[in-house]
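Beneath this line is the structure, given in structure tokens, with notes to follow.
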Amino acid sequence: GDSVTQMEGPVTLSEEAFLTINCTYTATGYPSLFWYVQYPGEGLQLLLKATKADDKGSNKGFEATYRKETTSFHLEKGSVQVSDSAVYFCALTRTSGNTPLVFGKGTRLSVIA
Amino acid sequence: DAEITQSPRHKITETGRQVTLACHQTWNHNNMFWYRQDLGHGLRLIHYSYGVQDTNKGEVSDGYSVSRSNTEDLPLTLESAASSQTSVYFCASSDPGTGSNTGELFFGEGSRLTVL
């Protein structure tokens, strides 16, 4: 079945450091890919998405590119802030049909000043 | 503003008791989902619904049930609570949109359940 694998955390970075959180997927066909973020004490919210190969999703300084050849959707940010401390989830859904999202296990990011 | 609310936000119960977690959304979304979040497991799908009177099992549905009698609500019931069901539960909703699934879920703030 469809699945998502993320790098395990926690990840601890200093403010202004470069961030990469790896995400690879297994799916039939051509899924849509997503990154969700969960701030402390809150539910998840959509950070960015890409619906076809080579698409780049971006939001709040974060970026991720849909790489079909490597089945990856790595999340990057050039300069993290303390306010980026959160849990990040990679997810996918098949574009054919109305199917639930499949989530990775999440990666906790802590940014220290 | 449209929103999705869960209640109670925190609950402590005893093994064997029936528990119901409420989820109410004002987005008028057809799709609603229940997930549980556990350390080391991320988010796992319990049950979901694509409309009134429609319910489907997710990957961890044993011991849980849902019913969908209207668009706004999808209550999650634990028939006989077990310690393994101690978790944080998230309800979410989405609009399937036209054509392909846009995939954007709107989440509630979660319900923390402790089963003693």
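So you know, we letter chains A, B, ... as the sequences are listed, proteins then strands, and number each from 1.
A:Val102 and B:Met32 are assigned to two separate hydrophobic clusters, defined by single-linkage of ILVMFWY side chains at heavy-atom distances under 4.5 Å. At a threshold of 4.5 Å between side-chain heavy atoms, the hydrophobic network of Ile, Leu, Val, Met, Phe, Trp and Tyr places A:Leu101 and B:Val88 in one connected group. Hydrophobic clustering (side-chain heavy atoms under 4.5 Å, transitive across Ile, Leu, Val, Met, Phe, Trp, Tyr) groups A:Tyr66 together with A:Trp35. By the criterion of side-chain heavy atoms lying less than 4.5 angstrom apart, applied directly or through intervening Ile, Leu, Val, Met, Phe, Trp or Tyr residues, B:Trp27 is not grouped with B:Phe33; the two fall into different hydrophobic clusters.
Per-residue heavy-atom pair counts under 4.5 Å with chain A were compared for B:Gly58, B:Gly108, B:Gly42, and the maximum is reached by B:Gly42.
Looking at B:Leu43, the atoms closer than 4.5 Å to chain A (heavy atoms on both sides) sit in the backbone and in the side chain alike. At a 4.5 Å heavy-atom cutoff, the contact between B:Tyr35 and chain A is made by side-chain atoms alone. Contact annotation for B:Gln37: only side-chain heavy atoms (C-beta onward) come within less than 4.5 Å of a heavy atom of chain A.
Between A:Phe103 and B:Leu105, the closest side-chain pair of non-hydrogen atoms falls below 4.5 Å.
Residue A:Gln45 holds its CD atom at 10.5 Å from CZ of B:Phe106, rounded to the nearest 0.5 Å. Going from atom CZ of B:Arg44 over to atom NZ of A:Lys105 covers 9.0 Å, rounded to the nearest 0.5 Å.
Considering every non-hydrogen atom in both A:Pro100 and B:Tyr50, the closest pair reads CD-OH, 3.2 Å. Taking all atoms of both residues into account, the shortest heavy-atom contact from A:Gln38 to B:Phe90 is NE2-CZ, 3.2 Å.
More than 12 heavy atoms of other residues, nucleotides or ligands sit less than 6.0 Å from atom CZ of B:Arg9. Within 6.0 Å of CD on A:Glu8 lie no more than 12 heavy atoms contributed by other residues, nucleotides or ligands. Around atom CG of B:Leu39, no more than 12 heavy atoms belonging to other residues, nucleotides or ligands sit under 6.0 Å away.
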